[in-house]
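Note sheet for the following structure.
For ligands, and for the atoms within them, numbers begin at 1 and follow the listed sequence. FYI, side chains are in, hydrogens and waters are out, and symmetry mates aren't considered; it's all heavy atoms of this structure.
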Amino acid sequence: MQNIKQKSPLMNTYARFPISVAKADGSYLTADDGTDYLDFTSGIAVCNLGHRPKLVQRAVEIQLQEYWHVSNLFQQDIQERAATSLITGTHLDQVFFCGSGAEANEAAIKLARKYWFDKGTLQKSEIVTFEQSFHGRTGGAMAATGQNKIKHGFAPLMPGFTHLPFNDKQAITNINPQVTAAVMLELIQGEGGVVPADQDWVNELVHYCRTHGILIIADEIQTGAGRTGSLYAFEQFNVKPEIVTAAKGIGSGFPAGACLASAEVAASFSPGTHGTTFGGHPAACAAVEATMGVIQEEGFLREVQDRFAIFRKQLEQLASSYRQVKQVRGSGAMIGIVVEEAAPYLQKLRNRQILALPAGPQVIRVLPPLTASAEELSTFVQVFEEILQEGEISHD
Ligand SMILES: *Cc1c(COP(=O)(O)O)cnc(C)c1O
């Protein structure tokens with residue numbers, strides 16, 4: 001038995017795995033009893049280059065030798081470089097840095113409302129989001145989230161959010177342009193079960209927003225940083241959102257969040273309108289610049305796409321051979337395997353030293369590092385097939 005504390009000084013906000021971490025390196029995590037696990041959680045889509053990628057470590061170490069904190073009242077080249085690394089190759093122009101995904105969405109919500117306020121259309125303050133979406137745990141981000149279980153017990157919620165069914169073309173016409181500032185969506189819902197948006201639906205939604213003067217906010221907190229095989233998922237969905245939020249993977253495990261926007265929209269933030277003490281932390285920015293630099297390297301994402309296309313095909317073969325596997329969905333290295341009940345599979349994988357995540361009760365969410373080798377990906381497929389061969393999953 002590992003050294004798991006029964007009574008903890010930590011608040012009980014996470015149902016933690018029975019694994020106490022000692023070390024992590026590349027695609028592997030080592031428990032304090034010496035067990036190595038193939039980590040296909042990547043810290044919930046954070047360690048996209050694996051654990052402790054050398055280039056990122058070096059960049060952070062260099063920054064730590066220079067300075068740690070000076071406040072955002074100073075000009076900091078490392079912030080400018082990190083921002084550039086996030087927008088290079090996109091249609092986006094400027095970045096607001098913060099410390100997490102939820103904060104990035106808070107910034108996006110404020111920015112969208114301020115944009116219409118500045119235009120003199122104060123009534124356009126409503127944000128439309130979608131059922132089963134996840135946008136974070138803070139006040140605005142929680143109100144934006146389309147899952148009741150996230151909000152239960154936390155009333156009163158911030159007003160001004162409407163949830164519509166996801167992938168429902170009919171519902172789009174319910175969006176009232178008179179009062180709607182923005183539509184905010186995950187192009188592939190993560191926590192909601194790795195559910196991709198339908199291209200047809202996205203096309204109609206974008207057309208509606210463009211026709212009626214409604215901003216589009218893409219929450220790319222989970223789908224960004226190369227996770228879906230492109231730098232951001234919006235590239236695959238033929239949409240150019242005015243606002244994009246990123247976090248999780250952008251700093252390889254250093255806490256960084258970012259709200260990216262077009263120049264026109266970004267102009268609504270001026271000194272005194274928004275801010276946070278630790279936003280754009282120099283060490284986190286060094287991690288962001290180094291991480292995004294690797295992901296933006298010529299050929300890096302193409303190679304990820306190829307490697308994960310093979311993995312995807314192998315998983316789909318399992319889906320056609322084993323009736324327990326109902327569907328395989330997602331994109332790139334963000335994969336959902338739909339089964340009757342995810343939890344027993346996750347436990348069986350863990351017993352065989354492989355870590356994956358749930359996304360809702362029926363989805364095994366597989367988030368390998370983008371750098372996982374073909375062999376490591378094959379290991380997952382082999383072990384998962386062995387589990388499937390055991391037949392009906394039982395609770396153990
Ligand atoms: C994780 C996540 C968030 C919240 O990010 P935090 O850093 O945990 O605040 C928001 N949106 C999506 C899509 C996420 O996956």
Side-chain angles (χ1 to χ4, degrees), residues 11 13-16 41-48 86 96-112 127-147 149-151 154 158 161 163 166 182-197 202 216-228 232-234 236-237 239 241 243-260 276 278-281 284 287-288 291 330-336 356-360 363 365-367:
M11 289 196 193
T13 50
Y14 288 91
R16 294 186 169 85
T41 71
S42 302
I44 318 189
V46 169
C47 307
N48 287 6
L86 287 168
F96 171 83
F97 276 120
C98 51
S100 68
E103 282 177 82
N105 283 339
E106 297 290 343
I109 293 161
K110 282 180 69 173
L111 183 60
I127 312 281
V128 169
T129 67
F130 297 93
E131 289 169 11
Q132 296 307 117
S133 62
F134 181 76
H135 298 297
R137 302 283 190 163
T138 54
M142 175 175 64
T145 293
Q147 300 185 53
K149 68 172 187 196
I150 304 289
K151 301 188 267 199
F154 298 111
M158 182 191 284
F161 293 90
H163 310 305
F166 191 59
V183 161
M184 176 154 119
L185 79 162
E186 299 162 85
L187 288 157
I188 302 174
Q189 291 187 335
E191 304 304 309
V194 191
V195 185
V202 172
I216 298 173
I217 304 170
D219 177 342
E220 297 253 14
I221 290 161
Q222 192 155 157
T223 51
R227 174 54 55 187
T228 66
Y232 298 97
F234 69 73
Q236 295 176 44
F237 285 88
V239 47
I243 304 175
V244 173
T245 53
K248 292 203 165 94
I250 64 173
S252 284
F254 283 85
C259 174
L260 289 51
T276 175
F278 287 130
H281 189 279
V288 169
T291 302
S331 183
M334 180 171 176
I335 299 152
L357 292 164
V363 181
R365 182 168 34 157
V366 189
L367 302 170

**Request:** Taking only heavy atoms of A102 into account, list the atoms of ligand 1 that are under 4.0 Å away from them.
**Result:** 4 (C), 5 (O), 6 (P), 9 (O)
**Message:** Which of the numbered atoms in ligand 1 are under 4.0 angstrom from any heavy atom belonging to S100?
**Reply:** 7 (O), 9 (O)
**Message:** Need the ligand 1 atom indices (1-based, order shown) with element for anything under 4.0 Å from a heavy-atom of D219.
**Reply:** 10 (C), 11 (N), 12 (C), 13 (C)
**Message:** Closer than 4.0 Å to some heavy atom of Q222 - which atoms of ligand 1 meet that?
**Reply:** 15 (O)
**Message:** Checking contacts here: is it the side chain or the backbone of R137 that comes within 4.0 Å of ligand 1, counting heavy atoms only? Could be both or neither.
**Reply:** neither
**Asked** So, the side chain of E220 versus the backbone of A233: is there a donor-acceptor pair under 3.5 Å, distance only?
**Response** yes
**Asked** Of all residues at least two apart in sequence or in a different chain, which pass the side chain to side chain contact (heavy atoms under 4.5 Å, CB included) check with T291?
**Response** L49, V56, S252, I295
**Message:** Under 4.0 Å from atom 8 (O) of ligand 1, can you find at least one protein heavy atom?
**Reply:** no
**Qualifying residues under salt bridge (charged side-chain N to carboxylate O under 4.0 Å, His left out), relative to E191, sequence neighbours excluded** = R365
**Message:** Can you tell me how far apart CZ (F154) and CZ (R137) are? Round to the nearest 0.5 Å.
**Reply:** 8.0 Å
**Asked** With distance as the sole test, does T228 use its side chain to make a donor-acceptor pair with the main-chain N or O of S331 at under 3.5 Å?
**Response** no
**Request:** Considering the heavy atoms of G101, write down every atom of ligand 1 situated less than 4.0 Å from one of them.
**Result:** 5 (O), 6 (P), 7 (O), 9 (O)
**Item:** Numbering as shown, the atoms of ligand 1 that approach E186 to under 4.0 Å (heavy-atom distance)
**Value:** 13 (C)
**Message:** If we ignore hydrogens and angles and just use 3.5 Å, is the side chain of E106 paired with the main-chain N or O of G140 as donor and acceptor?
**Reply:** yes
**Message:** Show the atoms of ligand 1 that are less than 4.0 angstrom away from any heavy atom in H135.
**Reply:** 10 (C), 11 (N)
**Message:** Between K151 and T145 (side chain of the first, backbone of the second, donor and acceptor by atom type, cut-off under 3.5 Å), is there such a pair?
**Reply:** yes
**Request:** Considering only non-hydrogen protein atoms, determine which one is nearest to atom 2 (C) of ligand 1 and report residue, atom name and distance to 0.1 Å.
**Result:** K248 NZ, 2.5 Å
**Prompt:** Purely on distance, is any nitrogen or oxygen of F134 under 3.5 Å from one on ligand 1?
**Reply:** yes
